[in-house]
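Shown next, in structure tokens, is the structure this report addresses.
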Amino acid sequence: MIVKRLGAALALAVPALALAHTGAGDAHTHANFASGLLHPLGGADHLAAMVAVGVWSALAVRPVWVAPLAFVAMLVLGALAAFAGWQVPAVERMIAASLLAVGLLVALRVRLPAAAAVALTGAFAFFHGAAHGTELAGGTGAWPVLAGMALGTALLHAAGIGLGEWVLRRRRWLGALAGAAVALLGSALLLRMAL
């Protein structure tokens, strides 16, 4: 019964959770460093992805900083690609897929070699960055926003690492539950895009 209610609540919440990147020109109306810093908090997809990468890093990636660093670097690279006019296909689908994948990595505590963790998180981060770069391209203040976004992302990764360390020491089932929730969000977003 609880699972059905949770599923119904999630289905109702998905439109409200909406993706934080809505298209070129309609985001970051107050383009400055602070808006970029706060932007990762503006959508469930951002918040879940950034924190989940940190949690997974704490639980299963060594050295712990390698996946978050790759994520931030490739997020910036993806934004720069969009600034340069590259049209990156399937951005929103890949962002949703990143939630599904990273959620499963957290839930199952999948251990990957550092190079594989870097490649996986970096690939997904490129799409996150491309979405932001498309929104910011041509806008005034794009560089300060991007700098703030990179710092905001790194801070959320650090929060995820702290949360992951706490979960690792205390309750293994909490990590599995959190990962499943992120994967469920990714699945719901993918389903919503397919409908």
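Each residue takes its place number in the sequence, starting with 1.
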If I compare all heavy atoms of [X] with all of [Y], which pair ends up nearest, and what's the gap?
X: Ala114; Y: Pro63; value: CB-CD, 4.4 Å
X: Leu189; Y: Ala96; value: CB-CB, 3.8 Å
X: Ala176; Y: Ala107; value: O-CB, 3.6 Å
X: Phe127; Y: Ala90; value: CD2-O, 4.4 Å

Pairwise distance [atom1]([X]) to [atom2]([Y]) - rounded to 0.5 angstrom:
X: Leu99; Y: Ile95; atom1: CG; atom2: CD1; result: 8.5 Å
X: Glu92; Y: Met193; atom1: CD; atom2: CE; result: 5.5 Å
X: Phe71; Y: Phe126; atom1: CZ; atom2: CZ; result: 12.5 Å
X: Leu105; Y: Leu112; atom1: CG; atom2: CG; result: 6.0 Å
X: Leu108; Y: Leu59; atom1: CG; atom2: CG; result: 11.5 Å
X: Leu100; Y: Arg93; atom1: CG; atom2: CZ; result: 14.5 Å

* Asked: Do His128 and Ser98 get their side chains close enough for a donor-acceptor pair, meaning under 3.5 Å?
  -> yes
Can [Y] be reached from [X] by stepping across I, L, V, M, F, W or Y side chains whose heavy atoms are under 4.5 Å apart?
X: Phe124; Y: Trp65; value: yes
X: Val72; Y: Met94; value: no
X: Leu37; Y: Val76; value: no
X: Leu69; Y: Val53; value: yes
X: Val110; Y: Val102; value: yes

Close side-chain approach of [X] and [Y], heavy atoms under 4.5 Å:
X: Pro68; Y: Ile161; value: yes
X: Leu156; Y: Leu47; value: yes
X: Val91; Y: Thr134; value: no
X: Arg170; Y: Glu165; value: no
X: Val106; Y: Val182; value: no

* Exam field: side chain Arg62 to backbone Ser57, donor-acceptor pair closer than 3.5 Å -> yes
* Backbone N or O of Met50 within a donor-acceptor pair of the His157 side chain at under 3.5 Å? -> yes
* Can you check side chain to side chain contact (heavy atoms under 4.5 Å, CB included) on Val167 and Val55, steps first, answer last? -> CA-CA 9 Å; Val167 168; Val55 170; 5.7 Å; no
* Between Phe83 and Trp143, does the ring centroid distance fall short of 6.0 Å? -> yes
* Steps toward side chain to side chain contact (heavy atoms under 4.5 Å, CB included) verdict (Val145, Phe33) -> CA-CA 5 Å; Val145 175; Phe33 181 83; over 6 Å; no
* Crowded around Arg172 CZ? As in, over 12 foreign heavy atoms under 6.0 Å? -> no
* Asked: Yes or no on side chain to side chain contact (heavy atoms under 4.5 Å, CB included) for His132 and Leu146, after CA distance, side-chain angles and deciding distance?
  -> CA-CA 8 Å; His132 298 309; Leu146 181 57; 5.6 Å; no
